[in-house]
2 protein chains.
Amino acid sequence: MVDELGFHLRRAQVAAFKQFAQTVTQAEDITPGLYGMLQVIANNPGLTQSALAEAMEVDRSSIVKVVNQLEDKGLIIRAAVPNDRRSYSLRMTAQGKLSLARIEDAVMRQDRDFSAALTETERGVLIGLLKRLGK
Amino acid sequence: MVDELGFHLRRAQVAAFKQFAQTVTQAEDITPGLYGMLQVIANNPGLTQSALAEAMEVDRSSIVKVVNQLEDKGLIIRAAVPNDRRSYSLRMTAQGKLSLARIEDAVMRQDRDFSAALTETERGVLIGLLKRLGK
DNA sequence: TATTGTTATACTCTATAACTATA
DNA sequence: TATAGTTATAGAGTATAACAATA
């Protein structure tokens, strides 16, 4: 069991979520899931809800509540799409951009703190190996 | 974002779960969570439900359904504890031991398959680095 | 007919609080 | 009083199916 990669992967990930909750979520009221959504929206301004769902690999019905939450927080807006009245295009608000910058700072600190036992080189090696997993 | 350890950790772990579901769960009807429980019970025969809950870092109320499932599958038994009639001691059944051996085979194959892109050395390095994360 | 967003519904996993039977 | 197991309940997070509006 101790030599199972899946086991150690899960253990590390659960620990990372717990630490995220105790730092970033507590300070900025953003869960790991919402943070991931914000990043996708910030890096793909104007994408539709369906596109966001596809990027996050979840069903588009599961996106609705998330987008509601981010909009209620004033971080993003749903805007009409000129040529398709079925769709909404998602964008960061000015406040959302400011908030995301602050959240990113907190996430970076948490991320570094979580891997504080590793050297910078080891951290890079770890990320490189993780990227090659799965298929 | 791409240099965030937490992001890559989560991505890899989600991929591992998906692959586990498509292989081990499909063949042996055991989820990653149930498999983890089985391992703890197999390696700590006679432990109580509360001890199992502590080992898995979940509330003891969350253990009840899991133990029911494993018992319904005939993999484990709840046995009376001599000096404390409040507790149950958990053990693998003979069939449970046989099943676990088969499940472990499937898990080992899945685990190797998941990290097929890595050399044996790299796989060892990855596990070693993962073990040092968190606090 | 097909697609977008939405709602209703359900299922899994987890937690908290309260109950029971013991200790 | 405290503890072990249980139950009821609730909250995330996810999925499927069906619907209205639009393409």
Side-chain angles (χ1 to χ4, degrees), chain A residues 10-11 13-15 17-18 20-22 24-26 29-38 40-41 44 46-73 76-91, chain B residues 10-11 13-15 17-18 20-22 24-26 29-38 40-41 44 46-73 76-91:
Chain A
R10 174 146 173 72
R11 193 222 120 250
Q13 207 263 306
V14 168
F17 259 41
K18 277 189 183 162
F20 193 105
Q22 289 167 355
V24 182
T25 304
Q26 194 163 68
D29 195 29
I30 283 287
T31 60
L34 288 185
Y35 173 66
M37 301 277 178
L38 270 189
V40 173
I41 296 168
N44 301 275
L47 87 173
T48 64
Q49 292 187 195
S50 289
L52 176 58
E54 190 175 4
M56 300 298 294
E57 294 185 75
V58 295
D59 192 85
R60 68 188 199 280
S61 67
S62 303
I63 286 291
V64 178
K65 192 191 291 184
V66 172
V67 170
N68 285 344
Q69 289 179 69
L70 294 177
E71 204 176 30
D72 289 348
K73 286 177 186 293
I76 69 170
I77 47 162
R78 283 174 166 99
V81 171
N83 298 322
D84 190 340
R85 285 194 294 170
R86 295 171 304 180
S87 293
Y88 290 115
S89 98
L90 306 176
R91 290 176 188 288
Chain B
R10 173 145 172 73
R11 192 223 121 248
Q13 207 263 308
V14 168
F17 259 42
K18 275 190 183 162
F20 193 105
Q22 288 166 354
V24 182
T25 303
Q26 194 163 67
D29 195 28
I30 284 287
T31 60
L34 288 185
Y35 173 66
M37 301 277 179
L38 269 189
V40 173
I41 296 168
N44 302 277
L47 86 173
T48 63
Q49 291 186 197
S50 289
L52 176 59
E54 191 175 3
M56 299 299 293
E57 295 185 75
V58 295
D59 192 85
R60 68 190 201 280
S61 68
S62 302
I63 286 291
V64 178
K65 193 190 288 182
V66 172
V67 170
N68 286 344
Q69 288 179 69
L70 294 176
E71 203 176 32
D72 289 348
K73 287 176 184 294
I76 69 170
I77 47 161
R78 283 176 167 99
V81 171
N83 297 323
D84 190 339
R85 286 194 295 170
R86 293 172 305 181
S87 293
Y88 290 114
S89 98
L90 306 176
R91 290 176 188 289

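Every chain is numbered from 1 and lettered A, B, ... according to where its sequence line falls, protein lines coming before strand lines.
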- Item | Heavy-atom closest contact (A:F20 atom, A:T31 atom, distance) | CE2-C, 3.8 Å
- Note on the structure: Rounded to whole Å, CZ of B:F20 lies from P of C:dT12 at a distance of 17 Å
Scan the side chains in residues 56-64 of chain A for donor-acceptor partners under 3.5 Å anywhere in the protein, sequence neighbours excluded, and list what turns up.
{"unit_1": "A:D59", "atom_1": "OD2", "unit_2": "A:S61", "atom_2": "N", "d": "2.9"}
{"unit_1": "A:D59", "atom_1": "OD2", "unit_2": "A:S61", "atom_2": "OG", "d": "2.8"}

- Partner set under side-chain contact (heavy atoms from CB on, under 4.5 Å) for A:Q69, not counting sequence neighbours: A:L34, A:K65
- Message: Just the rounded figure in Å: distance from C1' of C:dT7 to CD of A:Q49.
- Response: 13 Å
- Counting only non-hydrogen atoms, which of residues 57-69 of chain A are less than 4.0 Å from DNA chain C? A:R60, A:S61, A:V64
- Item | A:F17: partners by side-chain contact (heavy atoms from CB on, under 4.5 Å), with sequence neighbours left out | A:Q13, A:P32, B:R10
- Message: Expressed as a whole number of angstroms, how long is the span from B:L52:CG to C:dT14:P?
- Response: 12 Å
- Message: A side-chain contact here means heavy atoms from C-beta on lying under 4.5 Å apart; do A:N44 and A:L90 qualify?
- Response: no
- Query: How long is the line joining CD of B:E54 and C1' of C:dA15, in whole Å?
  - Reply: 17 Å
Identify each atom pair where a protein N or O and an N or O of nucleotides 20-23 of chain D are less than 3.5 Å apart, giving names and distance.
{"unit_1": "D:dA23", "atom_1": "OP1", "unit_2": "A:R85", "atom_2": "N", "d": "2.8"}

- Item | With sequence neighbours excluded, residues passing side-chain contact (heavy atoms from CB on, under 4.5 Å) with B:A51 | B:L47, B:T48
- For B:E71, the salt bridge (Lys or Arg N to Asp or Glu O under 4.0 Å) test, sequence neighbours excluded, returns B:R78
- Residue set satisfying salt bridge (Lys or Arg N to Asp or Glu O under 4.0 Å) with B:R85, at least two apart, ordered chain then number -> none
